Engineer: 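Below is a structure I'd like to ask you about.
All values derive from a computational prediction rather than experimental measurement.
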Amino acid sequence: MTLKKLLAATAVSTLMMTGAQAGTLVINSNQSDPAPKAAWGELIADFEAANPDIDVQVNEYDHEGYKSAIRNWLVTSPPDIVFWFAGNRMKYFVDRGLLEPVTDVWENNNMYQNFGSTRASMTVDDEQYGVPATYYQWGMYYNADIFEQYGLEEPQTWEEFIEVCETLKANGVTPITIGTKFLWTAAGWFDYLNLRTNGLDFHIDLMDGKVPYTDERVRQTFANWRELIDGGYFLENHASYSWQEAQAPLLNGDAAMYLMGNFLTPSFPEGSNYDFFQFPQIDPSVGMFEDAPTDTVHIPSRAKNKADAKRFLAYVAQADVQTQLNLGLNQLPPNAQAEAGDNKFLVQGLEMLSEADGTAQFYDRDTDPAMAKEGMKGFQEFMVNPDRLDRILENLEKVRQRVFR
Amino acid sequence: MTTQLKTNALSAVAKAQRPTAASRWHTLTPYLFLLPALALFAVYVIAPIFQSIWISFFEWDGIGDKTFIGLGNYAELLEDPQFWTSLWNNVLWLVFFMLAVPIGLGVALFLNQQVLGIRAVKSLFFFPFVISQVIVGVVFSWFYDPSYGLLQRFLGFFGVDPIPILASETLVTYGIIAAGLWPQIAYTMILYLTGLNNLNPDQIEAARMDGAHGWTMLWKVIIPQLRPATFIAMVVTVIGALRSFDLVATMTSGGPWGSSSVLAFFMYEQAIFSYRMGYGAAIATVLFLIMLVYIGFFLWRMLRAERG
């Protein structure tokens, strides 16, 4: 009895304390790597200076731990701001009523005009549920010295791409490096091959579980993939390496190309000659769609200080703030009025994404987590044992039917 | 409440014999001392076991609504190839991890001599047990690395092509078990070294008089005396094999394509990454039942030994 009373008393006093601290904005962040941490730290300091009545408190988490921890806070006692990802990852929480709609922030800050490229990925049933802070392009990063040495040019079509791979292979250079130990790098290849083979609408239907994995069109994607595997263009023993370990052959000149996100570029040494090209076209009748994973900020529906949280979201959406933040992150600002950093990868990325016919987030952000896990295992297995395709696709189809019931 | 408890205990004791106040306290005291431990054990061990079994009858993503599906999760387990792979790997772990017991004994016999500096050598052998399992996993991943690993250099010396042990679905589990054996051998070695210190010198002397030496001495005189150490070594090794999680998580994350997964890792992956709490709980229940068989055997032996 007394214990119960004591607990109740503690709960009440905790509530009173938090009530008294209005003006404190609690942010839970997954941006704990050095560069993102510094960029966001600067943004938050500027926000505090511009809003002296708000006291910001940041809790930092490592990137992976954050993904499971956020599920606990959102249902219990969430902070006022959470970092998360656009698209299906966001929708998962929206469907469970855990994120606050911020449509008014979009309306009051002219965001429908400035955030055209990311609007769809932030919208569920005509309401917006967060603000995109940054995104980045995916594509082929390559060693320009090697290309020059063998007289190669950036391939635009699938045939040209195969030719480039063939030439490199004949000269003893591994055409494509990849490390599939942690699976998601293989998903990058699946995304691009499927987007180029079947287009964005089909891709999104597949991600939403509306198309069977045993569909003939999916098989066509794998047939294109198989051409590269049978050609022996991928790095040997790729299942042993993480994505970082797979950089080594690219950096020491043993391999020529790497399909990766722009976060790869800080690894290129000073004075080296690397460049970027868009993933080549496979079917001319299919548009050029891109993967552009978007990182976002949201307000949990149970947040205590929603008023100040909305002010923070509006601040993050400002063009000059986005310019500054993305300079620090070495990524692209989703706000069309903001300026991208002045390096050749970002410039090409911005151009490519602004001309894109549409964008996807990334395999493990676009589809259900349970589906993504099994799917990526299947891609890895296919890249090592392409003959098992039928069994792999049947297994994925079984998973799809269970997950999207 | 306390008075109620007292009278209950009182009436129970009263039936047995007419007690004095002092002897009543004597009977009660051990239970009072046990009470805090029992309460914590009930709240943090027993209750979660039943909770977990209960959850295994539901389909639940951890935050949304629970849907009761009866034995659905278990039915799905039977058809899930990943479950059978993980279960089979657990069997491999149980069998091959047992190598730690004879190898540990061998190392202990080898180190059990009076030579200058043997203490330093002993501590070097014990070293792998002191470092964290995660470090062991990382070190062995580098050791196996197909492009710069020490093992491949060694194989290359004999003209053998690099073998990507951690990327091969047939070799990967053995590779991880070998990494696990490294600290486990150190552990069993220490157990045996302590055991060897406590050997009865009279018996050895008597055996020697009767002409026993070499293998006969080891097999008929030393090893029987080491039985308590052997028993503990086997117990910790079986537990270590069933708990094998850290090495799988750090070295391969269950890969390639799930072929090195064990039940503990499979459960973690389903519950934490695929958000399938019910399915994860069903895997946990199966693992629990396997352990229960073993713990039952362990208790049965212990009780038998105590009765003499």
Side-chain angles (χ1 to χ4, degrees), chain A residues 1 64-65 67-76 92-93 95-98 174 179-184 186 235-242 245-246 248-249 252 254 364 368-385 388 391-392 394-395 398-399 402-403 405, chain B residues 1 59-65 67 69 72-73 75-76 79-82 85 138 141-142 144-149 151-152 161-172 175 249-261 266 268-280:
Chain A
M1 259 316 183
E64 290 306 312
K67 287 181 194 164
S68 49
I70 188 175
R71 297 158 54 81
N72 292 339
W73 321 313
L74 286 183
V75 283
T76 52
Y92 183 87
F93 289 139
D95 287 345
R96 285 157 180 77
L98 297 171
T174 302
T180 57
K181 184 174 180 180
F182 296 105
L183 309 177
W184 56 268
L235 182 71
E236 260 184 69
N237 300 328
H238 53 75
S240 308
Y241 307 118
S242 67
E245 287 164 336
N252 64 26
D254 292 338
D364 66 353
D368 184 276
M371 183 73 239
K373 188 83 199 169
E374 290 304 315
M376 296 195 297
K377 274 189 203 167
F379 302 154
Q380 186 199 34
E381 185 167 5
F382 171 74
M383 286 189 74
V384 180
N385 298 297
R388 296 189 193 161
R391 199 180 50 72
I392 293 169
E394 272 157 31
N395 182 42
K398 224 167 77 182
V399 175
R402 188 197 71 224
V403 170
R405 224 184 343 236
Chain B
M1 211 172 93
E59 188 177 310
W60 185 39
D61 65 2
I63 49 179
D65 297 326
T67 326
I69 52 167
N73 283 325
E76 197 192 322
E79 285 180 9
D80 190 340
Q82 184 66 71
T85 313
V138 172
S141 310
W142 290 340
Y144 290 142
D145 187 290
S147 54
Y148 57 78
L151 178 70
Q152 316 301 343
D161 276 343
I163 307 169
I165 290 181
L166 295 184
S168 147
E169 59 186 343
T170 44
L171 293 176
V172 63
T250 44
M251 292 175 75
T252 62
S253 312
W257 51 92
S259 40
S260 68
S261 191
F266 182 38
Y268 166 75
E269 192 183 73
Q270 290 296 326
I272 305 294
F273 291 109
S274 296
Y275 304 144
R276 303 184 67 202
M277 297 298 163
Y279 198 54

Engineer: Going by ring pair (Phe, Tyr, Trp, His ring centres under 6.0 Å), name the residues that satisfy it together with A:Y92, two or more places apart in sequence or in a different chain.
Structural biologist: B:Y275
Engineer: Can you find a pair of side-chain heavy atoms, one from B:E169 and one from A:V384, that are under 4.5 Å apart?
Structural biologist: no
Engineer: Side chain, backbone, both or neither: which part of A:R391 has a non-hydrogen atom closer than 4.5 Å to chain B?
Structural biologist: neither
Engineer: For B:D65, I'd like to know if atom CG has over 12 heavy atoms of other residues, nucleotides or ligands within 6.0 Å.
Structural biologist: no
Engineer: Looking at A:R71, A:K373, A:E245, A:M371, which has the largest count of heavy-atom pairs under 4.5 Å with chain B?
Structural biologist: A:R71
Engineer: Can you tell which part of A:L98 gets under 4.5 Å to a heavy atom of chain B, answering side chain, backbone, both or neither?
Structural biologist: side chain
Engineer: So which part of A:N385 gets closer than 4.5 Å to some heavy atom of chain B, the side chain, the backbone, both or neither?
Structural biologist: side chain
Engineer: If you count heavy-atom pairs within less than 4.5 Å of chain A, which of B:G254, B:P256, B:P146 leads?
Structural biologist: B:P146
Engineer: Salt bridge or not for A:E374 and B:R276, using N-O below 4.0 Å?
Structural biologist: no
Engineer: Against chain A, work out which of B:V172, B:D145, B:I272 has the most heavy-atom pairs shorter than 4.5 Å and name it.
Structural biologist: B:D145
Engineer: Counting only heavy atoms closer than 4.5 Å, note whether B:Y279 contacts chain A via side chain, backbone, both or neither.
Structural biologist: neither
Engineer: Any side-chain heavy atom of B:E76 sitting closer than 4.5 Å to one from A:R402?
Structural biologist: yes
Engineer: Please check if the side chain of A:K181 supplies one atom and the backbone of B:M251 the other of a donor-acceptor pair under 3.5 Å.
Structural biologist: yes
Engineer: Is there a side-chain contact between A:P369 and B:S274 (heavy atoms, below 4.5 Å)?
Structural biologist: no
Engineer: If I measure from the heavy atoms of chain A, does B:S259 come under 4.5 Å with its side chain, its backbone, both, or neither?
Structural biologist: neither
Engineer: I'd like to know if the side chain of A:Q380 and the backbone of B:W257 have a donor-acceptor N/O pair within less than 3.5 Å.
Structural biologist: yes
Engineer: Side-chain donor-acceptor pair under 3.5 Å between A:K377 and B:Q82, yes or no?
Structural biologist: yes
Engineer: With a 4.5 angstrom heavy-atom cut-off, which part of A:F182 approaches chain B: side chain, backbone, both or neither?
Structural biologist: side chain
Engineer: Under a 4.5 Å heavy-atom cut-off, does chain B meet the side chain of A:S68, its backbone, both or neither?
Structural biologist: side chain
Engineer: Determine, for A:K398 against B:E79, whether the closest basic-nitrogen to carboxylate-oxygen distance falls under 4.0 angstrom.
Structural biologist: no
Engineer: What pairs with B:L151 under side chain to side chain contact (heavy atoms under 4.5 Å, CB included), at least two apart in sequence or on another chain?
Structural biologist: B:F143, B:Y144, B:L155, B:I165
